[in-house]
Each structure stands twice: as structure tokens, then as C-alpha cells.
There are 2 protein chains.
Amino acid sequence: MDTDEARVRLLDAAEELFYERGIQAVGIDELRSTSGVSLKRLYQCFPAKQQLVEEYLRRRDDRWRARLAAYVTEQGVPPEDRVLAVFDWLRTWFDEPNFRGCAFVNSYGELGATEPGIAEVVRAHHAAVRDYLAGLVADLQVREPGELGEQLWLLVVGSATGAAITENAAMAGRARATAQLLLTAARR
Amino acid sequence: MDTDEARVRLLDAAEELFYERGIQAVGIDELRSTSGVSLKRLYQCFPAKQQLVEEYLRRRDDRWRARLAAYVTEQGVPPEDRVLAVFDWLRTWFDEPNFRGCAFVNSYGELGATEPGIAEVVRAHHAAVRDYLAGLVADLQVREPGELGEQLWLLVVGSATGAAITENAAMAGRARATAQLLLTAARR
DNA sequence: TAGCCCAGAGAACGTTCGTTCCCCTATAGT
DNA sequence: ACTATAGGGGAACGAACGTTCTCTGGGCTA
């Protein structure tokens with residue numbers, strides 16, 4: 001196994017374990033045994049656990065947003081329905097068996113106050129999501145597109161967190177209905 | 001210092017420290033020095049850290065909801081404005097200098113997956129908030145009051161989490177505007 | 001074949017943390 | 001005044017964790 005493969009296996013293991021149980025609950029030893037990467041190579045790829053954590057979050061950010069954007073684009077629907085498609089995709093996400101809320105919200109709650117690096121990655125993720133929503137809204141004829149984008153983001157965050165705590169994927173539908181309302185109200 | 005006073009001082013210290021920095025980031029030693037309670041009495045009051053954590057969350061649940069309910073009642077406004085007053089109170093909460101999001105969402109992200117007792121307290125808190133909102137909605141003439149209550153809860157959770165991550169209290173205003181929209185749309 | 005280097009396995013180290021134990025003092029009851 | 005007891009301070013313990021070190025084997029080169 002070369003260095004690149006080790007990196008991937010480590011990040012795969014990190015994603016699975018950190019998301020499922022939290023960051024501090026997963027030790028280096030478990031990452032090693034799950035990934036099958038030796039300790040020496042692990043520290044060669046990531047000289048400290050914190051770096052692996054931040055890489056894990058960055059990669060998850062990329063992939064999560066890519067999955068969302070791909071789904072929305074694939075629908076091939078007009079701009080307003082693209083916004084609603086975001087919430088349709090959330091529903092499929094909430095339905096995944098290992099869904100446990102937004103990894104960034106969870107990480108922020110766990111380590112945002114102590115590890116500035118993590119707080120920064122979390123903020124960057126959510127800023128990117130807000131930008132994405134703002135981009136969708138920019139194609140619409142609405143009053144105050146900026147405000148609408150922020151409100152939609154609020155629905156995304158709220159439904160993800162709410163669905164995790166209640167273990168009820170129906171939260172996506174409620175967020176979608178609310179988004180629908182925001183869209184028609186903002187139309188001009 | 002008697003046992004009762006020690007309990008209060010410990011819970012006060014726990015609230016301050018756990019909320020500010022996270023649960024695992026705060027050790028028994030710091031709780032001891034901050035509260036001024038001796039180790040022996042600490043373990044007399046709470047035989048394990050986990051019990052102190054759960055008590056902290058339960059007390060915070062009580063107090064948080066009491067503060068919210070008191071504010072809403074004090075406004076002396078008609079039912080529909082009482083719902084909006086919830087978001088006015090959120091704004092004052094977000095503006096508090098040590099605001100760091102919903103303690104229950106944070107605790108859930110940190111320990112919800114590993115400590116079932118904590119997950120339970122978190123769910124109980126959010127269920128109680130949903131019940132409170134459902135009570136406010138029950139006084140209104142709306143279609144599907146249950147659904148409206150859930151949507152309002154989604155806005156509360158989303159704005160609290162969003163305000164914490166962006167460090168921007170204006171999230172309360174956006175949630176309020178969205179709630180306003182939900183109210184007028186549901187009116188019958 | 002001999003020498004060299006890299007990688008893997010896992011022992012070892014130092015620290016931190018929750019929890020327990022020990023010792024000393026101060027006080028209350030007789 | 002003497003003893004019994006509870007409480008405070010803090011050392012000690014055992015486990016867990018992140019990180020480093022050591023030993024060993026295997027493949028590559030001269």
C-alpha cells in the first residue's frame with residue numbers, strides 16, 4: 001500500500017468513525033485498525049490527529065456539496081424548483097441509515113470552542129452552502145435575494161439538526177413547505 | 001458549605017464551563033476549582049461526571065424554557081404575536097456575550113452517539129420546546145396546527161445553530177420573518 | 001550474496017482524566 | 001478534656017489517549 005492509498009483509506013475510516021461517534025470518541029488505534037494503515041504511515045500522512053480531523057471535514061464539505069449540486073442539476077427543472085430540489089435531496093440524506101445530522105454542526109458543538117482550526121472549517125462549509133443557495137436564488141426574480149438565501153440556509157440547518165435529534169426524516173418535508181412559502185412570498 | 005449549596009455551586013460551574021467549552025473539554029479538577037467545592041463533596045453530590053452532566057442539562061432545560069415562557073407571557077400580546085415574541089426572545093438570547101448555540105444540540109453532537117443518557121435528555125428538551133410551541137399554536141385558528149408547530153421549532157433550532165456558527169444574531173430576525181409568513185399562510 | 005533501507009507490528013512513554021484513598025484538622029457531644 | 005466523626009486538601013491509582021521508539025523482516029541494489 002502506497003502513501004496515496006493510505007491517505008484515502010485513512011480519510012474513509014475517519015469519515016465513517018468520526019461522523020458516527022464523534023471525534024473525541026474515536027482513537028488513533030481504531031482509525032489504524034479500521035483503515036488497515038500502519039501507525040508509521042498514519043503519522044507520515046497526518047502528523048497529528050487534528051490534521052486528519054480537518055482534512056476529513058474539508059473532504060466531507062467538498063463531497064457533500066457536490067452530491068447536493070449534482071442532484072439539483074440532474075433534476076433539470078426551472079430555477080424555482082431547483083431551490084425546492086435542495087430539500088428533496090435533504091430528504092434522501094436524512095433517510096440514509098447512518099444519518100446523524102450535520103457533521104459540521106456536530107463538530108462545532110464538540111470542538112468549535114477549543115480548536116480554532118475546526119471552527120474555521122465549519123464556518124467555511126456553511127459559508128459555502130450559503131453561497132450555493134445564494135447562487136440558486138440569484139436566478140430568481142425575487143426581492144432581497146440575499147435575505148432569501150439566508151432564510152433558506154436556516155431551513156437547511158434547522159431541518160438537518162431537527163431530523164437528527166428527532167430521528168425523523170419528515171423534517172425535510174416541513175422545511176420544503178416553508179421554503180415554498182418563502183419563494184412565493186418573495187416573488188416579484 | 002453544606003451539601004445543598006455545593007450542589008448549586010457545582011451546577012453553576014458546570015453550566016458555565018460545559019456550555020462555554022464543551023463537556024469533554026472540562027475536567028473534574030476545573031469544576032472543583034471553579035465551584036470551590038471539595039472533591040469529596042463533589043463525588044458525594046454526583047457519584048460520576050455523567051450524572052453532573054445530565055443534571056446540568058436538565059436544569060438548563062427547565063431554566064431556558066422558563067425564561068422563554070416568561071418573556072412571551074410578559075409581552076401581554078394576542079396569541080399570534082406570542083409566537084413572534086418567541087423569536088424576539090431568541091434575539092436577546094443570541095445577543096448574550098457568551099452565546100454559543102443550543103447547549104442541547106452541542107451536547108448531542110459531542111456525546112449523543114456514545115452516551116444514551118445524554119441523547120435522551122436532549123430529545124426530552126426538544127420535545128418540551130415543541131410542546132411549548134404547539135401550545136402557542138393551539139390558541140390560533142390555523143390549519144394543521146401540529147405541522148405549524150413543527151415548522152416553528154425547525155426555525156428555532158435553525159436560527160440558534162445558525163447564529164452560533166455565523167456569530168450573527170440577525171438570524172433571529174430572519175427566523176421571525178419566516179415565522180410571520182408561516183402564520184399568515186396557515187391562518188383560516 | 002551482502003548490505004541497506006523502508007515499512008509494519010506493536011511496545012513504550014508521557015500526559016491527562018475520572019475516581020479513590022489517605023492524612024490531618026476542626027468541631028460537637030459527653 | 002477526650003473521643004468520634006465529618007470534611008478539606010491533595011496524593012495516588014488505573015485506564016485511555018496521542019505520539020514516539022524499537023525491533024524485525026523483506027525486497028532492492030551492487
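Each chain gets a letter, A, B and so on, in the order the sequences are listed, and its residues count up from 1. The shown structure was predicted, so the numbers you read here are calculated from the model rather than taken from an experiment. Just so you know, these numbers use all the heavy atoms, side chains as well, and skip hydrogens, waters and symmetry mates.
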Review point. Going by atom types only, do Thr3(A) and Arg41(A) share a side-chain donor-acceptor pair under 3.5 Å?
Key: yes
**Study point:** Qualifying residue, where the test is salt bridge (Lys or Arg N to Asp or Glu O under 4.0 Å) with Arg60(A) and the options are Glu16(A), Glu54(A), Glu55(A), Glu15(A)
**Key:** Glu15(A)
Point to revise | Interatomic distance, Arg32(B) CZ vs dT19(C) P [rounded to whole Å] | key: 15 Å
Practice item. For Glu30(B) and dT16(C), give me the distance from atom CD to atom P, rounded to whole Å. Key: 13 Å
Review point. dG18(C) P sits how many Å from Leu111(B) CG, rounded?
Key: 12 Å
Point to revise | Salt-bridge contact Arg59(A)-Asp12(A) (side-chain N to carboxylate O under 4.0 Å) | key: yes
Check your understanding: From dG8(C), dT20(C), dA11(C), pick the nucleotide closest to the side chain of Ser38(A)?
Key -> dG8(C)
Study note, to complete from the structure: Among dC23(C), dG18(C), dG10(C), the one nearest any side-chain atom of Lys40(B) is dC23(C)
**Study point:** Length of the CZ-P vector between Phe18(B) and dC17(C), whole Å
**Key:** 12 Å
Check your understanding: When His125(B) is tested against each of Phe104(B), Tyr56(B), Tyr132(B) for ring-ring contact (aromatic ring centres under 6.0 Å, His included), which residue passes?
Key -> Phe104(B)
Check your understanding: Do the ring planes of Trp64(B) and Trp93(B) sit parallel (below 30°), tilted (30 to 60°) or perpendicular (above 60°)?
Key -> perpendicular
Point to revise | Bounds of contact between DNA chain D and chain B, in 5' to 3' order, using a heavy-atom cut-off under 4.0 Å | key: dG7(D) to dA11(D)
Review point. Heavy atoms under 4.0 Å, any strand shown: does Val26(B) hit a base, just sugar-phosphate, or nothing?
Key: sugar-phosphate
**Study point:** Pair Asp61(A) + Arg65(A): basic N to acidic O under 4.0 Å
**Key:** yes
Review point. Judged by modelled atom types alone, do Thr166(B) and Arg123(A) share a side-chain donor-acceptor pair under 3.5 Å?
Key: no
Review point. Nearest-Å distance, CD (Gln44(A)) to C1' (dA7(C))?
Key: 9 Å
Point to revise | Whole-Å gap separating P (dC17(C)) and CG (Leu17(B)) | key: 13 Å
Practice item. Please state how far atom CD1 in Ile23(B) lies from atom P in dG18(C), giving the value in whole angstrom units. Key: 12 Å
Check your understanding: Just how far, in rounded Å, is C1' of dA9(C) from CE of Met1(A)?
Key -> 13 Å
